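Heads up, the thing below is written out as structure tokens.
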Amino acid sequence: MNQRNIRILVSMMCCIIFAFLRSFKSSSPGITIQREITAAHHQERKLADGCYHVFLDVGSNIGMHARFLLEPSLYRNAGIARSFFNTHFGPEELRDNRDFCIFSFEPNPSHLQRHEEMR
């Protein structure tokens, strides 16, 4: 892959992430009031509504980090990932997978089928 293609790919990923992050509701009081007024008219559901934790896996390859988070008992040797998730999301035995929304971004089309299977 040449430098030009890499720059295009990185730019596309930044745009996707920016659009994704804009889909979250703001916690700013002024914006919240406006959104409540707007919500009364539209009743639209945002992508991450109901998620207590959101994990963004950017450049996720085949999606193993999501599995390390949701199924830690299957990956006893994934010490670094398990330590990270324990620090940021709490101990494995206390986590409830229903609290998580995981969004994986992988621009490599060779991994598309694997991501489709994990939906």
Side-chain angles (χ1 to χ4, degrees):
M1 187 175 277
N2 64 34
Q3 282 291 85
R4 182 176 180 273
N5 288 345
I6 290 173
R7 276 187 261 135
I8 291 170
L9 188 61
V10 169
S11 296
M12 288 173 48
M13 289 297 294
C14 289
C15 290
I16 290 169
I17 292 168
F18 177 75
F20 173 77
L21 292 175
R22 286 188 45 94
S23 73
F24 288 104
K25 291 183 177 176
S26 172
S27 61
S28 170
I31 294 173
T32 302
I33 292 169
Q34 179 60 39
R35 287 199 184 265
E36 287 174 3
I37 293 168
T38 303
H41 296 289
H42 299 318
Q43 295 298 319
E44 63 187 53
R45 182 166 162 79
K46 299 294 183 184
L47 190 58
D49 279 357
C51 303
Y52 186 76
H53 296 290
V54 173
F55 176 60
L56 296 177
D57 192 358
V58 181
S60 61
N61 201 316
I62 61 170
M64 291 306 295
H65 293 115
R67 296 198 66 195
F68 293 160
L69 175 60
L70 298 177
E71 304 170 318
S73 62
L74 299 179
Y75 301 96
R76 291 282 176 208
N77 294 329
I80 294 171
R82 292 177 72 197
S83 175
F84 176 85
F85 293 137
N86 285 339
T87 299
H88 295 283
F89 298 120
E92 296 167 3
E93 57 276 359
L94 299 179
R95 290 195 303 247
D96 184 346
N97 287 348
R98 294 173 294 185
D99 291 339
F100 291 92
C101 290
I102 299 173
F103 300 96
S104 295
F105 299 93
E106 177 53 58
N108 186 339
S110 68
H111 299 303
L112 178 62
Q113 182 179 354
R114 167 79 172 165
H115 282 266
E116 292 286 331
E117 291 169 359
M118 289 190 299
R119 276 189 172 175

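A quick note: this is a predicted structure, and the numbers were derived from the prediction, not measured.
Remark: Asp96 CG to Phe89 CZ distance equals 14.0 Å, nearest 0.5 Å. Summarising the geometry, atom CZ belonging to Phe85 is positioned 10.0 Å from atom CD belonging to Glu92; distances are rounded to the nearest 0.5 Å. Rounded to the nearest 0.5 Å, atoms CD1 (Ile102) and NE2 (His53) are 11.0 Å apart. Atom CG of Asn86 is separated from atom CZ of Arg95 by 5.0 Å, given to the nearest 0.5 angstrom. Here Asn61 contributes atom CG and Ser104 contributes atom OG; the two are 10.5 Å apart, rounded to the nearest 0.5 Å.
Annotation: Tyr75, atom OH; neighbour count of heavy atoms from other residues, nucleotides and ligands within 6.0 Å is above 12. For Glu117, the CD atom counts as densely surrounded, since its 6.0 Å shell holds more than 12 non-hydrogen atoms of other residues, nucleotides or ligands.
Legend: disulfide bond (SG atoms under 2.5 Å apart) pairs involving residues 47-119, not counting sequence neighbours, sorted by first then second residue: Cys51-Cys101. Counting only residues at least two apart or in different chains, salt bridge (charged side-chain N to carboxylate O under 4.0 Å, His left out) contacts with residues 62-72 comprise Arg67-Glu71.
For the pair Pro72 and Leu70, the tightest heavy-atom approach, listed with the atom from each and the gap, is CD-C, 3.4 Å. When every heavy atom of Leu69 is checked against every heavy atom of Phe100, the shortest pair comes out as CD2-CD2, 3.7 Å. Nearest heavy-atom pair, Asp57 versus Ala66, reported as atom, atom and distance to 0.1 Å: OD2-N, 4.2 Å.
Using a 30° and 60° split on the angle between ring planes, His65 and Phe68 fall in the perpendicular class, above 60°.
Hydrophobic clustering, with ILVMFWY side chains joined whenever heavy atoms are under 4.5 angstrom apart, groups Leu47 together with Phe105. Cluster membership for Leu74 and Phe84, using ILVMFWY side-chain heavy atoms within less than 4.5 angstrom, is shared.
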